[in-house]
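Heads up: the structure comes next, in structure tokens.
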Amino acid sequence: MATAASTTSAAVLASRLLLRCSPRLLRRLSVSRAPHAALASSSGRGLPPLVRHSLGHRARMGHTAAAAAVAAEPALGLTKPNAIEPPQVTFSAKDVEFSEWKGDILAVAVTEKDLSKDADSKFENAVLKKLDGQLGGLLSEAAAEEDFTGKTGQSVVLRLAGQGFKRVGLIGLGQNAPSTAAAGRGLGESVASVAKAAQASTAAIVLASPSGIQEEFKLTAAAAIASGTVLGLYEDSRYKSESKKVHLKQVDIIGLGSGADVDQKLKYANDLSSGVIFGRELVNSPANVLTPAVLAEEASKIASTYSDVFTATILDVEKCKELKMGSYLGVAAASANPPHFIHLCYKPTDGNVKRKLAIVGKGLTFDSGGYNIKTGPGCSIELMKFDMGGSAAVFGAAKALGQIKPPGVEVHFIVAACENMISGTGMRPGDIVTASNGKTIEVNNTDAEGRLTLADALVYACNQGVEKIIDLATLTGACVIALGPSIAGVFTPSDELAKEVTAASEVSGEKFWRLPLEESYWESMKSGVADMVNTGGRQGGSITAALFLKQFVDEKVQWMHIDMAGPVWNDKKRAATGFGVSTLVEWVLKNSSS
């Protein structure tokens with residue numbers, strides 16, 4: 001990812017340091033370090049990288065047996081992720097009398113208005129009034145003592161005796177009942193928080209004012225609450241010496257309907273959550289564990305698990321050379337870990353395809369910046385494991401769709417995985433690389449590497465005969481400056497595609513903002529010796545990056561670029577968000593049904 005702190009002076013400094021090194025040290029820089037143990041994913045199983053196997057899908061790898069043996073060696077630092085299970089929660093939608101529910105914790109979601117009281121200091125809200133009467137006024141008393149006003153994020157929990165439920169919790173919703181997927185998911189996360197604190201194994205969720213949710217939104221609300229609960233329970237402890245046990249196993253959602261439609265929606269929420277968790281795990285994994293080879297193995301595991309709808313093709317260096325992927329291979333050239341070009345293809349079980357789509361993700365498992373090395377405050381080099389966040393969204397969506405199995409749509413999931421490192425074999429500032437569509441690129445900044453890998457990936461995607469392409473990448477620091485940490489930038493010449501993704505994001509609750517593809521800015525991307533340079537000036541950096549990618553997309557294909565450099569990571573939690581998975585799944589489903 002290109003950052004403001006990556007400068008030409010840094011490249012000069014790195015070059016001088018290398019020149020001062022002894023020949024022995026220079027040789028050590030190019031020696032292959034031990035490749036890395038496979039990622040222990042939420043399935044609870046680690047996969048050995050680069051082992052040829054028969055998994056009901058095709059995989060082309062040009063590696064020798066010796067290379068495979070070396071790849072099986074322990075990761076740098078002897079780090080081996082623990083195998084953990086994601087939360088396994090069963091959700092049920094019920095229309096029952098909440099006061100008669102039996103279990104560990106009854107969570108009542110309340111707005112600020114719901115806490116209004118009459119002249120006798122009794123709750124005016126029917127649900128709270130009935131519950132408070134059942135508890136002999138304890139609910140009203142506790143709300144007053146704890147200064148609970150129903151604001152978002154507030155909660156109060158009471159331990160009870162002589163009731164069917166052991167605890168009752170009030171969960172604040174703010175001024176209104178959930179009207180967006182994001183609000184529903186927030187409620188689910190709050191329920192997960194109080195359930196974890198109480199070590200509850202069963203819970204029920206009821207809204208004090210269910211009429212505040214529009215009828216047409218109830219299905220989406222139920223799914224969002226379920227998804228938020230699972231994601232709120234999940235903690236990535238694979239790299240910790242101790243992990244916390246998840247106790248919650250059963251959640252009943254009361255008052256949002258019941259029947260086949262809502263049951264199907266709740267199953268969808270669980271399938272989607274597993275994809276988001278998988279995406280988070282990929283981004284959270286350090287670069288000494290998640291190498292390009294291991295990322296390829298994780299993708300192959302999706303194909304083997306859902307072999308009725310997926311096939312996998314993994315291209316090695318030699319095959320990429322045959323396809324003339326000079327732009328991608330130029331980035332990968334410095335690393336001791338070889339690149340892996342990953343292509344998963346989803347086809348419905350009945351073979352009936354009405355729409356062909358491609359989703360392309362940036363897959364830099366680590367980005368040092370290359371000779372334009374990341375230095376100085378704000379460069380975030382220690383976080384550059386998340387530079388494969390686009391690929392995590394791609395494979396997280398693939399995992400979810402493997403479970404959902406939408407009909408009528410063929411989807412290609414494409415990632416050019418590699419590392420951007422520094423060595424004597426690496427790409428230098430000023431080098432010219434040639435992409436697979438024949439266009440030449442003068443590399444004026446090796447830290448603008450993601451677009452170079454995406455260039456060949458986009459050409460490859462177009463060659464699959466698809467009608468629409470979305471690419472996702474942690475591409476520019478400029479987009480983070482423009483939109484902050486929570487919103488992804490969207491670039492597309494297609495208004496139709498923009499409307500599709502906007503509609504999908506309204507269901508997913510993820511935030512996007514469309515930015516202009518200002519063609520006049522292309523002037524700064526022109527080279528005197530090649531077709532283009534790979535980065536323009538500091539101004540409008542996210543726009544010029546998108547214009548660069550546009551050069552590698554067939555004009556007949558609808559295309560969108562999503563710059564997710566901001567929302568890929570949660571600084572407060574110091575962990576990945578799983579951003580993009582939910583919107584991609586919704587987008588595919590909308591194309592499946594259209």
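All of these numbers come straight from a predicted model, not from anything done at the bench.
- Under the 3.5 Å distance criterion, the side-chain polar atoms of Asp471 are left unmatched by any main-chain donor or acceptor of Val360.
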- [ ] Evaluate the side chain to side chain contact (heavy atoms under 4.5 Å, CB included) criterion for residues Ile205 and Ile254: first the C-alpha distance (whole Å), next the side-chain angles of each, then the deciding distance (0.1 Å), finally the verdict.
- [x] CA-CA 6 Å; Ile205 303 171; Ile254 299 173; over 6 Å; no

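- Rounding to the nearest 0.5 Å gives a distance of 12.0 Å between CG of Leu248 and CD of Gln199.
- Between Ser227 and Ser273 there is a side-chain heavy-atom pair separated by less than 4.5 Å.
- Looking at every heavy atom in both residues, Val191 comes nearest to Ala107 through CG2-CB, 4.1 Å.
- Taking every heavy atom of both residues into account, Phe217 and Ile213 meet most closely at CD2-CG2, 3.7 Å.
- The shortest distance between side-chain heavy atoms of Asn591 and Leu589 does not fall below 4.5 Å.
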Open item on the list: Quick one, Glu506 with Lys511, criterion salt bridge (charged side-chain N to carboxylate O under 4.0 Å, His left out). Give me CA distance, side-chain angles, the key distance, then yes/no.
Closed with: CA-CA 8 Å; Glu506 288 173 355; Lys511 297 178 181 179; over 6 Å; no

- [ ] Test Phe579 against Phe512 for ring-ring contact (aromatic ring centres under 6.0 Å, His included), laying out the working first.
- [x] CA-CA 11 Å; Phe579 183 88; Phe512 299 83; 5.2 Å; yes

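- Residues Asp104 and Phe165 are not in side-chain contact: their nearest non-hydrogen atoms beyond the backbone lie 4.5 Å or more apart.
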- [ ] Show your reasoning for whether salt bridge (charged side-chain N to carboxylate O under 4.0 Å, His left out) applies to Glu410 and Arg355.
- [x] CA-CA 6 Å; Glu410 177 179 308; Arg355 196 69 58 79; over 6 Å; no

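- In this structure, the side chain of Thr180 engages the main chain of Ala183 through a donor-acceptor pair within 3.5 Å.
- Although no hydrogens or angles enter the test, the distance criterion places no donor-acceptor pair under 3.5 Å between the side chain of Glu100 and the main chain of Val96.
- Legend: residues meeting side-chain hydrogen bond (donor to acceptor under 3.5 Å, both in side chains) with Asn125, ordered by chain and number and at least two apart, are Asp114, Ser209.
- Residues passing the side-chain hydrogen bond (donor to acceptor under 3.5 Å, both in side chains) test with Gln250, sequence neighbours excluded: Ser92, Asp252.
- Checking side-chain atoms of Lys196 against main-chain N and O of Gly232 turns up a donor-acceptor pair under 3.5 Å.
- Looking only at atom types and distance, the side chain of Thr349 has no donor-acceptor partner in the side chain of Asp308 under 3.5 Å away.
- Remark: the Ser285 side chain and the Tyr239 side chain contain an N/O donor-acceptor pair separated by less than 3.5 Å.
- Under a 4.0 Å N-O distance rule, the pair Glu235/Lys245 does not qualify as a salt bridge.
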Open item on the list: Pair Thr152, Leu173 - check side chain to side chain contact (heavy atoms under 4.5 Å, CB included), show working.
Closed with: CA-CA 5 Å; Thr152 304; Leu173 294 173; 5.7 Å; no

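- Between Asp367 and Ile381 the shortest side-chain heavy-atom distance does not fall below 4.5 Å.
- Of the possible donor and acceptor atoms, one in the side chain of Thr476 sits under 3.5 Å from a partner among the backbone N and O of Cys479.
- Within the 4.5 Å cutoff, no side-chain heavy atoms of Lys94 are placed close to those of Ser258.
- Under the 3.5 Å distance criterion, with hydrogens and angles disregarded, a donor-acceptor pair is assigned to the side chains of Thr474 and Asp387.
- Using a 4.0 Å cut-off between charged nitrogen and carboxylate oxygen, Arg280 and Asp236 do not count as a salt-bridge pair.
- For Lys129 and Phe123, the positive end is not near the middle of the six-membered ring at less than 6.0 Å and at most 45° from its axis.
- Side-chain atoms of Ser274 and Gln403, non-hydrogen and from C-beta on, do get closer than 4.5 Å to each other.
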Please report, to 0.1 Å, the donor-acceptor pairs under 3.5 Å made by any side chain of residues 487-498, with sequence neighbours excluded.
unit_1: Thr492; atom_1: OG1; unit_2: Ser494; atom_2: N; d: 3.0
unit_1: Thr492; atom_1: OG1; unit_2: Trp559; atom_2: O; d: 2.5
unit_1: Ser494; atom_1: OG; unit_2: Leu497; atom_2: N; d: 3.0
unit_1: Ser494; atom_1: OG; unit_2: Gln558; atom_2: OE1; d: 2.9
unit_1: Asp495; atom_1: OD1; unit_2: Arg514; atom_2: NH1; d: 2.9
unit_1: Asp495; atom_1: OD1; unit_2: Arg514; atom_2: NH2; d: 3.0

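- Between the side chain of Thr229 and the backbone N or O of Ala192 there is no donor-acceptor pair closer than 3.5 Å.
- Remark: the backbone N or O of Gly402 is paired with a side-chain donor or acceptor of Lys405 at under 3.5 angstrom.
- The nearest pair of heavy atoms linking Val581 to Gly275 is CG1-C, 3.9 Å.
- Shown here are the side-chain hydrogen bond (donor to acceptor under 3.5 Å, both in side chains) partners of Glu124, two or more places apart in sequence or in another chain: there are none.
- Minimum heavy-atom separation, His561 to Ala473: CE1-CB, 4.3 Å.
- Shortest non-hydrogen contact noted between Ala223 and Ala269 is O-CB, 3.4 Å.
- The distance from the CD1 atom of Ile404 to the CG atom of Leu272 is 6.0 Å, given to the nearest 0.5 Å.
- Residues Lys267 and Asp263 fail the side-chain proximity criterion, which asks for heavy atoms closer than 4.5 Å.
- Judged purely by atom type and a 3.5 angstrom limit, Asn570 has no side-chain atom pairing as donor or acceptor with the backbone of Ala576.
- Contact annotation: the side chain of Met388 approaches that of Leu290 to within less than 4.5 Å [non-hydrogen atoms, C-beta and beyond].
- Using a 3.5 Å distance cut-off with no hydrogens or angles, the side chains of Gln214 and Ser179 do not pair a donor with an acceptor.
- In this structure, Thr583 contributes its side chain and Gly580 its backbone to no donor-acceptor pair below 3.5 Å.
- Side-chain contact check for Gln134 and Gln163: at least one donor-acceptor pair (N or O, by modelled atom type) lies under 3.5 Å.
- Not counting sequence neighbours, Ser211 has no partner by the side chain to side chain contact (heavy atoms under 4.5 Å, CB included) test.
- Classification of Lys468 and Glu500 as a salt-bridged pair holds, one side-chain N sitting under 4.0 Å from a carboxylate O.
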Open item on the list: Assess the residue pair Leu160 and Val168 against the criterion (side chain to side chain contact (heavy atoms under 4.5 Å, CB included)); give the C-alpha distance rounded to whole Å, side-chain angles, the decisive distance to 0.1 Å, and a yes or no.
Closed with: CA-CA 7 Å; Leu160 306 171; Val168 63; 3.9 Å; yes

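- The distance from the NZ atom of Lys362 to the CG atom of Leu549 is 10.0 Å, given to the nearest 0.5 Å.
- Under 3.5 Å, the side chains of Arg238 and Asn82 contain no donor-acceptor pair of N or O atoms.
- Distance alone, capped at 3.5 Å, is enough to place a donor-acceptor pair between the Tyr346 side chain and the Pro406 backbone.
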Open item on the list: Let's go through His412 and Ile359 carefully: what are the C-alpha distance in whole Å and the side-chain angles of both, what is the deciding distance for side chain to side chain contact (heavy atoms under 4.5 Å, CB included) to 0.1 Å, and is it a yes or a no?
Closed with: CA-CA 6 Å; His412 297 265; Ile359 305 175; over 6 Å; no

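- Taking both residues in full, the closest heavy atoms of Leu475 and Ala565 are given as N-CB, 4.2 Å, listed atom of the first, atom of the second, then distance.
- Scanning for side-chain hydrogen bond (donor to acceptor under 3.5 Å, both in side chains) contacts around Lys385 gives an empty result, with sequence neighbours left out.
- Note that the CD1 atom of Ile302 and the CZ atom of Phe395 stand 6.5 Å from one another [nearest 0.5 Å].
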